[in-house]
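These notes are about the structure you will find just below.
A quick note: this is a predicted structure, and the numbers were derived from the prediction, not measured.
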Amino acid sequence: VMIVESDAVEEHLPVETRIYPNPAYDDVTITSQADIVRVEIYNISGQKMKDICVNGSDVSISMSNLTSGLYMMKIYTQEGIVIKKVDVVR
């Protein structure tokens, strides 16, 4: 048995991402420390409702065609993927 010791530790810190307003009525704004490249929105049953290609650290997305309820936003950034909940209210 060979044991190799290493002081190197690679840390992957979560990308700080905010969604507001939450609850949402029409549009939501997503801000992130890293550039956002894509946003997928899923309903509570796991059905993909939107798939949007974007570019920037401050993105606005229309929620006007979604019914009231809880949705999961899968936010793809250049640093990784962040999943956030958003409540849509009509």
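- With hydrogens and angles disregarded, a donor-acceptor distance shorter than 3.5 Å links the side chain of R90 to the backbone of Y25.
- Note that CG of D26 and CD1 of I61 are 14.0 Å apart. Values are rounded to the nearest 0.5 Å.
- Listed here is the closest heavy atom pair of V86 and A24: CG2-CB, 4.1 Å.
- D87 contributes no side-chain N or O that, together with a main-chain N or O of N22, makes up a donor-acceptor pair within less than 3.5 Å.
- Taken together through direct or relayed side-chain contacts under 4.5 Å among Ile, Leu, Val, Met, Phe, Trp and Tyr, M72 and V59 form parts of separate hydrophobic clusters.
- Summarising the geometry, atom OG belonging to S60 is positioned 8.5 Å from atom CD1 belonging to I30; distances are rounded to the nearest 0.5 Å.
- Listed for the T77 side chain is a donor-acceptor partner under 3.5 Å among the backbone atoms of E79.
- Under the 4.5 Å side-chain contact rule for hydrophobic residues, I83 and I41 do not share a cluster.
- Taken from CD in E16 to OG1 in T31, the straight-line distance is 8.0 Å, to the nearest 0.5 Å.
- A donor-acceptor pair is defined here as one N or O able to donate and one able to accept, closer than 3.5 Å; such a pair exists between the side chain of K50 and the backbone of S62.
- Residue E40 comes nearest to Y76 through the heavy atom pair OE1-OH, 3.3 Å, listed as atom of the first residue, atom of the second, then distance.
- Closest approach of V88 to L66, counting heavy atoms only: CG1-O, 4.0 Å.
- Taking hydrophobic clusters as Ile, Leu, Val, Met, Phe, Trp and Tyr residues chained together by side-chain heavy-atom distances below 4.5 Å, M49 shares a cluster with I52.
- Within 6.0 Å of NZ in K85 there are 12 or fewer heavy atoms belonging to other residues, nucleotides or ligands.
- With values rounded to the nearest 0.5 angstrom, R38 atom CZ is found 4.0 Å from D51 atom CG.
- Using a 4.5 Å cut-off between side-chain heavy atoms of Ile, Leu, Val, Met, Phe, Trp and Tyr, I44 falls into a hydrophobic cluster with L70.
- With sequence neighbours excluded, the residues that form a side chain to side chain contact (heavy atoms under 4.5 Å, CB included) with K84 are T17, I19, I75, V82.
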